[in-house]
Amino acid sequence: MSFLGRGPGNATNGGINMDKIDMALTELDTVTDFFNRMVQSCHSKCINARYAEAELNKGESVCIDRCVAKFNDVQKKVGEKLQSRTAANAGAAPGGFGAL
Amino acid sequence: MSFLGRGPGNATNGGINMDKIDMALTELDTVTDFFNRMVQSCHSKCINARYAEAELNKGESVCIDRCVAKFNDVQKKVGEKLQSRTAANAGAAPGGFGAL
Amino acid sequence: MSFLGRGPGNATNGGINMDKIDMALTELDTVTDFFNRMVQSCHSKCINARYAEAELNKGESVCIDRCVAKFNDVQKKVGEKLQSRTAANAGAAPGGFGAL
Amino acid sequence: MDFSSFTSAEQAHMTKIIEKRQMTDFLKMYANLTEKCFNACCNDFTSKALSSKEDQCILNCTEKFIKHSERVGARFAEANADIQAAAQQQQS
Amino acid sequence: MDFSSFTSAEQAHMTKIIEKRQMTDFLKMYANLTEKCFNACCNDFTSKALSSKEDQCILNCTEKFIKHSERVGARFAEANADIQAAAQQQQS
Amino acid sequence: MDFSSFTSAEQAHMTKIIEKRQMTDFLKMYANLTEKCFNACCNDFTSKALSSKEDQCILNCTEKFIKHSERVGARFAEANADIQAAAQQQQS
């Protein structure tokens, strides 16, 4: 998106390397997107939708902790699978997906 | 997003205050997002999914009117709750969320 | 979005017509959005969510082919309907929605 | 929104952005409507052609969604007008 | 994220962008929470006023969602810290 | 899309944007796939470790989703080719 805004050629602007900024923002957006999906998924897995009280009860709290651990594992597994597929297709594997 | 595109320092561009434009766009995006969610929610609450006819029937029309009123109330309540929480955390309360 | 980033007046930047780029990107985004929704819809219509095996079975494969055909038809029908409505409202019809 | 503090250059710029937004919003609504009506109306994949029943369902779904959006929009605008009238009342 | 390779001008620019993101993320969370709690709590449209039961449900839903997000955030941060510690262990 | 009216500078610029889009699209697909397979496969939270059954489900879900996307993509491309052939037929 920012490539467009800037027009070509001025990757450096006032001593700022815009490509570096771009990459950092892509990383930030990716982690944010991943985190938001984890919040949504664990909410629908763990939180009782009747909302009889405002506090997390014991069962919900334990469920959240396990849900985060599992979601992280799934993210890693899916990343490895995508990586091995990409490697098989393209011949060479890029840097790991396991850790964001 | 536009901060990125512009690079730093040129908040004024051809007599246009870009920060003012930015803020107006954030406001526009927020109202649009809110409205779209209201359309989706009231659609799933009020509209029969069999689609036997093209017109809104009496029951659906009345439901929509009430749904919009309730959705607005919920938006206000959630905003007040977020505000009181933020105020409790940060010490001071920012300008109201009640009206977008 | 890119209008904002650029500021006014410089629709041509280094020999590049930014409005042309903008339009091409809008088209690309529209096709991508449409395709992603087709993937999601046909996945929930055709793929068994138990995931007992990694391969598409015969039934799923045939379902996908028909699902894509139907989804395309629906896109066309909805486009025609929107167009006839817009035409009725505005007096004149813009270029077709049928093919993206 | 209140644009009274905008210069005419700012208003012209804003108008250009809003026009572009209206086009992309329309395209998003079109894609969303396609998905929604497809999901509601198409459940039989023994054939690749739309049945006449599905066809009618798609037309009704599209028409009804637009009327629904228009009604929500009208009520939403009224509610906002009420809020602003109340705010002005308070100020005077 | 690791900003150690950033110049001070780059860090200042990045901070400004992140501050803007935090505001838009907050507004998105607010809209999302409104939608989620409305959908969970409001199922009776025989009246346009929120019932006291719906009202209480909305308050609980909002409070609980925030606590849920905070707990997920805390566990997520711990898991990331573990990953980075393991990565550093491996390098030394 | 038809880029024949683009200058070479415009084509180069467009290519750069599309490459960036491909990366962000891939990352979004990755996050979406994680969410979808987690929701489909993980329903037991009496333990924090993935069971061997869940593990297999995740692998199958990922593989199957990719094959599904590829098949949809192939049919979609064929349909678009048909539309363009028909349009050219009409013009000549």
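Everything quoted here is computed from the prediction, not taken from an experiment. Convention: sequence-line order gives letters A, B, ...; per-chain numbering from 1.
Here the side chains of D:Lys20 and C:Asp22 are in contact, with some heavy-atom distance below 4.5 Å. C:Lys70 has its side chain within reach of D:Leu50: a pair of non-hydrogen atoms, C-beta onward, lies under 4.5 Å apart. Side-chain contact between C:Arg85 and D:Glu63 is present, with at least one heavy-atom pair separated by less than 4.5 Å. Inter-residue side-chain proximity for C:Cys67 and D:Phe38 is flagged as met; some heavy-atom pair is nearer than 4.5 Å. Counting only heavy atoms from C-beta outward, the side chains of C:Leu82 and D:Met29 approach each other to under 4.5 Å.
Using a 4.5 Å cut-off between heavy atoms, D:Ala12 does not touch chain C at all. At a 4.5 Å heavy-atom cutoff, the contact between D:Leu59 and chain C is made by backbone and side-chain atoms alike.
For the atom pair D:Glu35 CD and C:Phe34 CZ, the distance stands at 10.5 Å (nearest 0.5 Å). With rounding to the nearest 0.5 Å, the separation of CZ in C:Arg66 from NZ in D:Lys48 is 10.0 Å. To the nearest 0.5 angstrom, D:Met23 atom CE is 4.5 Å from C:Thr26 atom OG1. Atoms CG and CD, on D:Leu27 and C:Glu27 in that order, are 10.0 Å from each other to the nearest 0.5 Å.
In terms of modelled atom types and a separation under 3.5 Å, the side chain of D:Tyr30 and the main chain of C:Val78 share no donor-acceptor contact.
Contacts between residues 43-55 of chain C and chain D, counted as heavy-atom pairs separated by less than 4.5 Å, involve C:Lys45.
When all heavy atoms of C:Gln75 and D:Thr34 are compared, the closest pair comes out as CA-CG2, 3.6 Å.
A salt bridge links C:Lys77 to D:Asp55: at least one charged side-chain nitrogen sits closer than 4.0 Å to a carboxylate oxygen.
Residue C:Val74 forms a side chain to side chain contact (heavy atoms under 4.5 Å, CB included) with just one option from D:Ile58, D:Leu33, D:Asn39, and that option is D:Ile58.
Among residues at least two apart or in separate chains, there is no ring-ring contact (aromatic ring centres under 6.0 Å, His included) pair with a member in residues 42-61 of chain D.
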